[in-house]
Protein chains: 2
Amino acid sequence: MATTVGELASLARVSVRTLHHYDEIGLLRPSGRSGAGYRLYTEGDLQRLQQVLFFRELGFKLDEIARILADPGFDRRQTLLAQRALLVERADRARALVDLVDRTLKALEEGDTMNPEDTFEGFDPAKYEDEAKAWWGTTEAYAESRRRTSRYTKDDWKRMADESKATVDELAQAMDDGVTPTDARAMDLAEQHRLHLEHWFYPCSSAMHVGLGEMYVADPRFAAVYDQRRAGLSEFLRAAIQANAARANAL
Amino acid sequence: MATTVGELASLARVSVRTLHHYDEIGLLRPSGRSGAGYRLYTEGDLQRLQQVLFFRELGFKLDEIARILADPGFDRRQTLLAQRALLVERADRARALVDLVDRTLKALEEGDTMNPEDTFEGFDPAKYEDEAKAWWGTTEAYAESRRRTSRYTKDDWKRMADESKATVDELAQAMDDGVTPTDARAMDLAEQHRLHLEHWFYPCSSAMHVGLGEMYVADPRFAAVYDQRRAGLSEFLRAAIQANAARANAL
DNA sequence: TCTACGGCCTCACGCGGCGTGAGGGTCAAG
DNA sequence: CTTGACCCTCACGCCGCGTGAGGCCGTAGA
């Protein structure tokens with residue numbers, strides 16, 4: 001008329017330890033005990049266990065399951081809808097990451113076939129020192145920037161402004177399209193932004209770029225420029241820069 | 001020339017505790033310490049951190065990341081491909097679960113609108129007792145089965161066999177199509193199997209059905225019948241029955 | 001009747017990736 | 001000289017169990 005832990009465990013394909021655990025936390029107490037203290041489970045217990053496993057499968061936490069089962073009048077619809085949203089998010093995220101891996105793999109291959117001597121450059125001490133200075137004290141970058149910009153003509157400034165505006169517009173459009181900062185499109189725009197800086201102002205390593213991104217949200221003078229174009233744009237750019245730098249560094 | 005934990009933490013959008021942890025486990029040691037023992041991070045540290053966060057984002061475990069970064073010649077392609085497979089699996093699973101939630105919601109609604117008196121039936125003590133007996137001792141079910149089958153004509157037997165074969169064929173086809181046991185299609189077939197038993201032999205509660213599923217894999221006489229039709233079919237049926245019972249019980 | 005042997009019991013630590021205090025030093029500003 | 005915002009090092013907590021250790025129960029064979 002009743003089963004022991006081991007039997008129930010093999011029936012439901014869970015470990016004995018799991019049943020012990022569920023007993024401990026009160027999620028599934030055996031209906032009885034034998035004289036020797038053995039746990040005895042009834043059919044009702046099996047049914048409850050199946051309910052537990054069903055919700056566990058859906059990713060509910062054990063205490064949530066306990067609450068769901070405690071009150072049969074509990075709004076299952078509501079609960080399931082919430083869990084659905086969570087699962088959709090998880091699926092989307094996993095898909096996005098697969099995408100990220102794919103792009104990383106592609107970048108790896110291209111990098112391999114196109115410029116194998118990069119391996120050397122990565123260890124160029126001079127370059128490294130340069131980058132370090134540039135990021136840890138903005139002064140060096142600032143000096144370089146002034147050296148360059150002092151020779152720009154009005155025409156140069158206009159072209160620079162046009163380019164800049166284009167990038168900002170594309171970023172805003174990406175946001176409107178619901179693109180996330182870790183998306184390829186956003187990262188590519190961040191890279192475009194970095195190249196823009198390199199071209200017009202000063203050498204800008206990805207590390208330095210990250211620092212700048214921070215400044216864009218932290219310094220209201222910068223933030224205003226972006227957020228005026230579109231709410232939250234400065235934060236979006238910062239995140240995209242981070243993602244882009246992370247990708248670049250990991251290769 | 002160097003930052004403190006707090007600064008690096010806010011730069012990289014991680015907690016100070018996380019950096020402490022990475023220091024503890026040796027994943028990211030600060031390049032230096034101040035006189036007072038403060039952690040001091042260089043730009044190189046930031047870059048390494050970004051590498052760490054990149055791989056963490058992809059779902060690598062911290063010790064795996066350590067191994068990847070330890071050896072620059074590490075086969076990143078291979079590693080990324082493996083991770084990709086893992087992520088694809090995760091995405092598929094999440095999608096399947098969303099599907100399961102949807103079907104559960106649908107079943108909930110239909111159940112609500114079509115037969116509200118089921119709530120009563122669920123608490124019918126007579127029925128419950130019957131089910132309990134049927135499952136915990138197969139004898140009762142066996143007796144009922146014999147009572148019924150003793151009156152079957154040759155024609156009845158043939159129709160029963162045809163129905164049975166059809167279900168088995170559909171199950172095999174589902175397997176061929178790569179359907180998983182927790183998929184709706186598999187669960188529906190399991191339910192069909194259960195109804196088949198109810199119709200031709202004896203009342204078969206979902207709990208009892210689970211018990212039978214166990215027997216199908218455990219008892220070689222039964223397993224052979226299914227596995228002869230298609231390798232692994234008995235195990236597939238068992239899993240589908242489990243899933244179907246779990247779904248039914250959770251509603 | 002003794003002895004295996006398998007199943008059951010109760011602790012209790014371990015894992016992964018940190019969160020979250022407690023209790024105390026350090027450092028620049030007022 | 002004090003405040004307050006940093007920083008430090010323990011060290012326990014979380015979640016869902018896995019994995020022993022050390023010992024009792026129950027049945028079957030020698």
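In the text below, chain A, chain B and the rest are named by the order of the sequence lines, each starting its count at 1.
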When you check the gap from the basic side-chain N to the acidic O, do [X] and [Y] get nearer than 4.0 Å?
X	Y	result
A/Arg185	A/Asp188	no
B/Arg67	B/Glu64	no
A/Glu191	A/Arg194	yes

A/Asp183 side-chain N/O to A/Thr180 backbone N/O, donor-acceptor pair under 3.5 Å: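 Looks like no, no N/O pair under 3.5 Å.
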Short side-chain to backbone donor-acceptor contact, A/Thr3 and A/Glu7, under 3.5 Å: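 Flag not set: sc A/Thr3 to bb A/Glu7 has no pair under 3.5 Å.
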I need the minimum non-hydrogen distance between A/Val5 and A/Leu19, along with the two atoms involved.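 Closest approach of A/Val5 to A/Leu19, heavy atoms only: O-CD1, 3.6 Å.
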If you find the nucleotide of DNA chain C closest to A/Val5 and the one closest to B/Phe60, which residue's nucleotide is nearer the 5' end?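 Looking at the nearest nucleotide for each, A/Val5 comes out on the 5' side.
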Nearest 0.5 Å, what's the [atom1]-[atom2] distance between [X] and [Y]?
X	Y	atom1	atom2	answer
A/Leu8	A/Tyr41	CG	OH	6.5 Å
A/Met175	A/Leu237	CE	CG	10.5 Å
A/Leu27	A/Gln51	CG	CD	10.5 Å
A/Ser31	A/Asp45	OG	CG	3.0 Å

Please lay out, stage by stage, how B/Arg90 and B/Leu87 fare under the test side-chain contact (heavy atoms from CB on, under 4.5 Å). CA-CA 5 Å; B/Arg90 193 187 296 175; B/Leu87 287 167; 4.0 Å; yes
Please list all pairs meeting salt bridge (Lys or Arg N to Asp or Glu O under 4.0 Å) that have one or both residues in residues 25-38 of chain A, counting only residues at least two apart or in different chains.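 Checked against salt bridge (Lys or Arg N to Asp or Glu O under 4.0 Å) - neighbours excluded - the pairs reaching residues 25-38 of chain A are A/Asp23-A/Arg29, A/Asp23-A/Arg33.
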Donor-acceptor pairs under 3.5 angstrom involving side-chain atoms of residues 53-61 of chain B: please list them, not counting sequence neighbours.
| residue | atom | partner | partner atom | Å |
| --- | --- | --- | --- | --- |
| B/Arg56 | NH1 | B/Tyr22 | OH | 3.2 |

At the 4.0 Å heavy-atom cut-off to chain B, mark where contacts on DNA chain C begin and end, going 5' to 3'.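 So the contact region on DNA chain C extends C/dG17 to C/dC27.
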With a 4.0 Å heavy-atom cut-off, tell me which residues in residues 15-28 of chain A come close to DNA chain D, sorted by residue number.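 Within residues 15-28 of chain A, the residues near DNA chain D are A/Ser15, A/Arg17, A/Thr18, A/His21, A/Tyr22.
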Considering the terminal five base pairs at each end of the helix from C/dT1-D/dA30 to C/dG30-D/dC1, what angle separates the two local helix axes, rounded to 10°?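 About 30° separates the two local helix axes.
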Round to the nearest Å and state the distance from A/Arg56 atom CZ to D/dC15 atom P.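 Taking atom P of D/dC15 as the reference, CZ of A/Arg56 is at 16 Å.
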A/Tyr38 has an atom OH; how far is it from atom P of D/dG23, in whole Å?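 Those two atoms, OH and P, are 16 Å apart.
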Strictly below 4.0 Å, heavy-atom distances to any atom of DNA chain C: list the hits from residues 29-37 of chain A, or just say none.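 Heavy-atom contacts with DNA chain C come from A/Arg33, A/Gly37.
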